[in-house]
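Step one of this worksheet: look at the structure below.
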Amino acid sequence: MKLPARFGATLFCLLSAAAIGCSTSQSTAASRPAEVALNLVPAPQSMEIQPGELPLQGPVRLEVDAAAPNARRALEEVLAGLGIATDDAATTRIGLRLSDDAAPGEEGYRLVVADDVQLSARTDTGLLHAVQSLRQLLPAQAQPRYRLPRIVIADAPAYRWRGLSLDVARSFLSVAYLEKTIDRMAFFKLNRLHLHLTDDQGWRIEIMRYPKLTQIGGASAVEGGRSGHYTQAQLKHLVAYAQARGITIVPEIDVPGHVQAALASYNELACDDVENLSPYSGREVGFSVLCLDKPDVVYPFVRHVLEEVMAIFPSQEIHIGGDEIKHPLYADFVARAAAMVDAMGRTAIVWEEGSVADTDTDVVLQLWNDRYDIAAAVEEGHPLILSPCSYLYIDHGNYAGQPETYDWCRKEGVPLARLYAFDPAPFRTAIGIEAALWTELVHTDAAADNRLWPRLAATAEVAWSPAGQRGYHGFRQRMGALRPHLDAMGIRYHPEPDLGWDAPR
Ligand code: TNX
């Protein structure tokens with residue numbers, strides 16, 4: 001994606017200069033008062049700053065396309081939060097318009113601030129992203145009056161998959177915490193929440209046909225972590241909550257390994273010679289497996305579970321795990337499970353190890369190990385979700401030696417600058433990236449916030465903004481300036497020195 005030449009000066013300004021007082025050939029720093037903010041994360045594809053501002057005083061008139069209910073609700077929330085009233089007789093207009101213009105794609109949008117504010121997109125989701133940009137152009141807290149920069153933004157994501165993977169199996173996270181996380185992800189235009197719902201230490205999704213999975217498997221957790229499970233009604237609620245914010249929840253049922261919680265619940269899923277059938281709360285992985293020598297037991301189980309999963313989650317992609325298991329029948333299992341997903345009209349995602357299986361080339365592989373050889377799978381055309389651990393495993397420290405973090409993949413941890421430096425471009429078949437928060441060592445909401453933020457904002461920019469439009473220098477300034485928004489959302493972020501957040505406010 002190439003930036004039109006006329007946006008060059010603006011782009012330089014956006015990425016390199018101090019965000020406040022940013023100037024172009026058409027508007028000077030002197031003419032731009034300090035309270036007009038221009039700090040967008042992720043950086044938009046293109047942006048043209050016009051001279052002057054649009055003052056927002058008193059109520060505004062909303063003109064909203066009836067087919068954009070989610071964007072409307074998001075806009076109304078933003079305005080209500082800032083104390084901006086709406087009134088059909090007001091002179092300043094904010095328009096939310098669906099257009100047939102194919103250019104912005106499924107998620108793209110245009111935001112024009114002139115004598116009024118016009119947001120347009122092809123879809124409600126595109127308009128949701130436009131509302132988030134507008135929100136970032138406004139202050140986080142109510143003020144006596146507002147000013148918007150006159151601006152033309154034409155924006156669309158570089159990648160269609162911009163995700164967070166959350167491990168709720170090792171240590172449970174409440175529905176309320178997931179809702180908050182969805183709201184915060186939406187602010188940065190992230191669009192996939194992958195829930196790792198099952199593992200050795202816990203089974204977190206209610207399956208009607210196998211109630212013991214949550215009665216027994218839901219009662220355990222990693223040592224020091226939280227147990228629990230989600231009912232199907234709660235998960236349906238979360239799916240709708242996320243959907244209304246432009247986010248798809250992607251469920252993961254991790255098979256055939258990482259299944260001790262399932263074996264402890266239904267012993268017949270284990271091979272007959274397996275003696276250890278107790279719930280597990282350790283941290284070691286790679287010891288449990290569904291008995292692949294009992295296909296008549298294992299495959300109906302997997303199918304029944306997947307049927308219930310698919311009735312809850314409309315996501316086209318369904319994750320079936322497949323990590324860290326060595327077994328002569330492993331490749332055969334992955335091929336059969338992926339085919340099962342396909343027969344149900346969905347597409348399987350498998351951790352990278354699954355590339356050894358003979359599957360359709362539309363099966364998505366999730367890359368996590370920096371040294372894993374994925375070349376053959378790329379050659380075959382398998383789409384990739386990129387989560388290389390030395391960049392995107394945010395269970396690793398915000399800094400080297402951070403307490404309660406892993407460092408097995410990178411002993412220096414995964415500081416913000418490191419994550420930001422990840423370049424997806426060399427992976428020809430990548431559909432996007434996903435940061436992963438494993439929770440062996442993350443047992444509270446505060447710890448989760450600390451590991452997620454601000455690194456998820458960097459994840460969002462790497463996935464959304466084309467390489468030419470992003471740079472760590474500008475990101476630091478823009479992100480640093482968005483701190484009041486993070487505070488307003490109640491995020492207990494890591495006090496990142498690169499953003500100046502270690503200094504007291
Ligand atoms: C590897 S990545 C795992 C997880 C652990 C994580 C800890 C992957 C597919 N498996 O089971 O939680 O490392 O960093």
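Whatever order the structure lists them in is the order used to number ligands and atoms, beginning at 1. Note that these values count all heavy atoms, side chains included, but never hydrogens, waters or copies made by symmetry.
Counting protein heavy atoms only, atom 14 (O) of ligand 1 is closest to D395 OD2, 2.6 Å. Scanning the protein for heavy atoms near atom 5 (C) of ligand 1, the closest one is E440 OE2, 3.3 Å. Nearest to atom 3 (C) of ligand 1 among the protein's heavy atoms is E324 OE1, 3.6 Å. When hydrogens are left out, the protein atom nearest atom 13 (O) of ligand 1 is W408 CZ2, 3.4 Å; that is the closest non-hydrogen contact. Looking only at protein heavy atoms, the nearest one to atom 9 (C) of ligand 1 is D323 OD2, 3.0 Å. In terms of protein heavy-atom proximity, atom 11 (O) of ligand 1 is closest to R170 NH2, 3.0 Å.
At a threshold of 4.5 Å between non-hydrogen side-chain atoms, the residues D199 and R170 count as touching. Between R245 and L190, the closest side-chain pair of non-hydrogen atoms is not below 4.5 Å.
Scanning Y406, W351, W438, Y393 for the heavy atom closest to atom 2 (S) of ligand 1 points to Y393.
Note on ring orientation: taking the six-membered ring where Trp is involved, the planes of W368 and Y393 are parallel (angle under 30°, cut-offs 30° and 60°). Relative orientation of the Y210 and Y266 rings is perpendicular, given thresholds of 30° and 60° on the angle between their planes. The aromatic rings of H258 and H196 lie perpendicular to each other, with more than 60° between the two planes, well past the 30° mark.
Ligand 1 has no atom lying under 4.0 Å from any heavy atom of Q366. Heavy atoms of E352 stay at 4.0 angstrom or farther from ligand 1.
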Q: Evaluate the criterion side chain to side chain donor-acceptor pair (under 3.5 Å) for residue pair Y493 and R483; output intermediate values, then yes/no.
A: CA-CA 10 Å; Y493 46 78; R483 184 181 191 177; 2.9 Å; yes
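Of the N and O atoms on the side chains of N39 and Q477, not one donor lies less than 3.5 Å from an acceptor on the other residue. D254 and W351 share no side-chain donor-acceptor pair at under 3.5 Å.
Close approach of ligand 1 to H258 is summarised as follows: ligand atoms under 4.0 Å from at least one heavy atom of the residue are 11 (O).
Of the N or O atoms in W368, none lie within a sub-3.5 Å distance of an N or O in ligand 1.
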